[in-house]
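In the text below, chain A, chain B and the rest are named by the order of the sequence lines, each starting its count at 1.
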Amino acid sequence: MGTERKRKVSLFDVMEDPSLSAKNTKSNGLGAAAGVSDLINKWNGKAYSQRYFEILEKRKDLPVWLQKDEFLRTLHSNQTLILIPQFVLDAVVAENTDTRKKWLIGCTQPRRVAAMSVSRRVADEMDVTIGEEVGYSIRFEDCSSSRTMLKYLTDGMLLREAMADPLLERYKVIILDEAHERTLATDVLFGLLKEVLRNRPDLKLVVMSATLEAEKFQEYFSGAPLMKVPGRLHPVEIFYTPEPERDYLEAAIRTVVQIHLCEPPGDVLVFLTGEEEIEDACRKINKEVSNLGDQVGPIKVVPLYSTLPPAMQQKIFDPAPEPLTEGGPAGRKIVVSTNIAETSLTIDGIVYVIDPGFAKQKVYNPRIRVESLLVSPISKASAHQRSGRAGRTRPGKCFRLYTERSFNNDLQPQTYPEILRSNLANTVLALKKLGIDDLVHFDFMDPPAPETLMRALEVLNYLGALDDEGNLTRTGEIMSEFPLDPQMSKMLIVSPEFNCSNEILSVSAMLSVPNCFVRPREAQKAADEAKARFGHIDGDHLTLLNVYHAYKQNNEDPNWCFENFVNNRAMKSADNVRQQLVRIMSRFNLRMCSTDFNSRDYYVNIRKAMLSGYFMQVAHLERTGHYLTVKDNQVVHLHPSNCLDHKPEWVIYNEYVLTTRNFIRTVTDIRGDWLVDVAPHYYDLSNFPNCEAKRVLEKLYKKREKEKDESKSRR
DNA sequence: GAGCACTGC
């Protein structure tokens with residue numbers, strides 16, 4: 001349970017619940033819950049274990065423990081205030097004496113690992129078996145049962161449950177934890193729960209947040225009461241640079257060296273923006289410190305980012321190196337990390353934080369429907385979170401590589417919520433499925449730009465998920481069941497018509513996991529050669545299919561993966577995703593089928609099926625030699641990772657990435673006349689910007705007309 | 001001829 005510097009907002013429906021006031025006389029029940037001293041566990045009727053008492057002693061030291069009675073009293077007099085899931089359990093038990101009645105408390109987390117680890121911790125605290133009274137539910141793993149009273153789940157998972165059960169009737173209380181992170185799913189849940197509360201006076205909602213935005217949450221939920229829990233962090237001294245730094249990377253490295261030279265022992269955490277920058281910085285830090293000779297203590301520089309193999313990630317928990325000689329200068333661990341260390345991963349023992357003030361952040365441009373990652377300044381809230389990482393074990397220091405003036409004047413107070421930075425096609429589809437028909441008047445805490453919503457509706461309409469009135473179609477309903485982007489769900493749904501659903505399942509799975517091609521710095525050539533062996537001349541999607549087939553043919557052998565520079569983890573995960581997709585296909589009686597591999601149509605069918613989903617992500621090769629995206633007319637380049645041996649006239653692409661240039665990544669050759677067949681509604685030339693592609697398409701349409709006439713006259 | 005912030009279903 002996050003007990004660090006947090007302000008917890010507890011919010012309930014403003015409507016009064018008569019069943020609560022009727023129970024007000026039973027305050028003893030509440031008090032008793034806090035002071036249980038029996039040796040029998042009231043949750044499962046078993047004797048408490050030794051471990052229970054050990055954990056209990058530690059829990060009693062937590063700041064929140066002192067407030068438990070206060071909370072329960074407040075609940076008693078306010079009818080509405082509860083905090084911390086275990087307390088909620090006590091409270092709900094006290095209020096629901098009828099044990100035959102089923103009820104469930106759900107607690108959401110933004111990340112799977114958190115849902116798992118927090119539920120394990122709570123099960124330990126209550127001395128019950130995980131998956132019984134306390135459980136969790138995440139994608140690919142449901143560890144809960146009919147006995148479960150307290151269930152941890154990811155916010156995305158609760159949203160999924162809501163799609164099948166719009167009033168969330170299984171739940172008595174819903175707790176949204178880490179609400180300040182404002183994930184897309186949490187924001188959708190905010191709006192949704194606000195509506196559900198109106199229709200379910202018996203449902204209670206608790207929102208937990210760690211920032212000053214608490215007041216905003218209060219206002220959004222009609223003035224719900226606020227409770228604060230003191231933090232347990234040590235003080236962190238903040239230092240700013242007197243002048244702005246021109247090169248934050250250089251400044252960060254210089255600061256590491258300074259700390260190592262001048263500061264007392266203690267580990268260092270440096271925030272940088274991405275893998276390449278981090279690896280580069282690690283090498284430079286090692287070099288600079290080795291130049292200092294043995295007058296300084298030894299260092300251990302550890303990179304940290306999400307795509308790092310777990311064994312490498314574990315190194316952040318290694319202790320700092322021992323002094324080289326007895327009594328010599330102390331060693332120091334230096335962790336160089338992305339934002340992953342800001343929220344997802346906590347490293348104890350960090351005393352010094354270096355914050356250059358940047359992070360890669362997702363931005364969305366609705367005009368060209370492109371999501372991209374841009375290095376941008378962080379928010380004050382984020383800077384605060386980063387500095388807090390220095391004070392977990394003892395008082396620390398944070399070096400901000402920007403001026404105090406810049407902190408005060410330039411940084412926005414909060415990071416823009418994800419919902420304002422994302423393509424919302426998938427979200428809008430989910431909302432439609434949840435029965436939200438009027439998106440314009442849906443009560444978003446931060447309403448997305450109307451253009452973003454319009455774009456999402458437009459895309460869903462072109463895909464046939466929404467009709468012209470904006471109502472969910474049967475296709476849209478099925479699409480919403482897939483944990484994929486709408487384009488991909490569409491291509492899966494139509495794939496049986498092209499007799500290639502087995503292959504489209506594999507391609508979809510491969511596109512849903514991290515890049516499967518490994519390219520170590522020391523073996524780039526060998527890795528490129530290995531990749532080329534999987535290459536399909538018609539495109540990267542088909543190359544991915546080749547890799548998947550080869551992986552299966554080699555019995556999912558990790559050694560085979562290693563020898564072929566294929567990421568075994570990615571492949572395992574693709575297999576897992578594929579199985580999930582197969583289950584969904586079966587549920588809707590979508591046929592699993594393949595074209596005969598020796599048929600000329602084998603790959604043609606696959607490419608046509610892909611086009612049926614991705615007809616809005618097409619680029620045309622202009623006579624000038626560069627590609628223009630169709631309709632949006634953006635100049636793009638084939639990403640150098642592609643494995644085509646030629647420049648096709650038309651390609652579909654999976655991703656548009658803005659880095660040194662505008663790249664389209666994962667591309668496959670398709671034919672212009674398929675566009676006319678597969679997506680005539682999108683390639684309606686009366687509604688098409690004037691360009692070379694339009695003229696080519698005009699010819700194709702004329703040819704089509706002519707062929708039709710000829711076949712008619714022949715008949 | 002370049003990269004992969006972080007999540008989630």
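Between A:Phe565 and A:Phe517, the ring center distance fails the sub-6.0 Å criterion.
The aromatic rings of A:Phe663 and A:His639 lie perpendicular to each other, with more than 60° between the two planes, well past the 30° mark. Using a 30° and 60° split on the angle between ring planes, A:Tyr548 and A:Tyr551 fall in the tilted class, from 30° to 60°.
Between the C1' atom of B:dC9 and the CZ atom of A:Arg583 lies a distance of 13 Å, rounded to the nearest Å. Spacing between atom CD1 of A:Ile278 and atom C1' of B:dC6 amounts to 12 Å, rounded to whole angstrom units. Atom CG in A:Asp177 sits roughly 17 Å away from atom P in B:dT7 (whole-Å rounding). Spacing between atom CZ of A:Phe565 and atom P of B:dG3 amounts to 21 Å, rounded to whole angstrom units. Going from atom CG of A:Asp155 over to atom P of B:dT7 covers 13 Å, rounded to whole Å. The nearest whole Å value for the distance from the CZ atom in A:Arg519 to the P atom in B:dG1 is 14 Å. Between A:Asp540 atom CG and B:dG3 atom P there is a gap of 16 Å when expressed in whole angstrom units. For the pair A:His637 NE2 and B:dG1 P, the computed distance is 11 Å after rounding to whole Å.
For A:Val582, the side chain to side chain contact (heavy atoms under 4.5 Å, CB included) partners two or more places apart in sequence, or in a different chain, are A:Leu505, A:Arg578, A:Ser586, A:Met592. For A:Glu371, the salt bridge (charged side-chain N to carboxylate O under 4.0 Å, His left out) partners two or more places apart in sequence, or in a different chain, are A:Lys362.
Across all strands, A:Asn515 comes closer than 4.0 Å to base atoms (heavy-atom distances). Base contact: A:Leu373 has a heavy atom under 4.0 Å from a base atom. Counting non-hydrogen atoms under 4.0 angstrom, A:Gln361 reaches nothing in the nucleic acid.
Of the side-chain N and O atoms in A:Ser641, none sit less than 4.0 angstrom from OP1 or OP2 of B:dA2.
Cation-pi geometry between A:Arg386 and A:Phe271 is satisfied (NZ or CZ under 6.0 Å from the ring centre, within 45° of the ring normal).
With B:dC9, B:dG1, B:dC6 as the candidates, the nucleotide lying closest to the side chain of A:Thr154 is B:dC9. Out of B:dC6, B:dC9, B:dC4, the shortest distance to the side chain of A:Glu275 is found at B:dC4. For A:Met157, whose side chain is taken as the heavy atoms from C-beta onward, the closest listed nucleotide among B:dC9, B:dA2, B:dC6 is B:dC9. Residue A:Ile138 places its side chain closer to B:dC9 than to any other of B:dA2, B:dC9, B:dC6. Out of B:dA2, B:dC4, B:dT7, the shortest distance to the side chain of A:Arg111 is found at B:dT7. The side chain of A:Ser306 approaches B:dC6 more closely than any other nucleotide in the set B:dG3, B:dC9, B:dC6. For A:Glu418, taking side-chain heavy atoms from C-beta onward, the closest of the listed nucleotides B:dT7, B:dG8, B:dA2 is B:dT7. Side-chain proximity of A:His639 to the nucleotides B:dG1, B:dT7, B:dG3 is greatest for B:dG3.
Nearer the 5' end of DNA chain B, as judged by each residue's closest nucleotide, is the contact made by A:Ala359, out of A:Ala359 and A:Asp485.
Not a single donor-acceptor contact under 3.5 angstrom links the side-chain atoms of A:Arg112 to the base of B:dG8.
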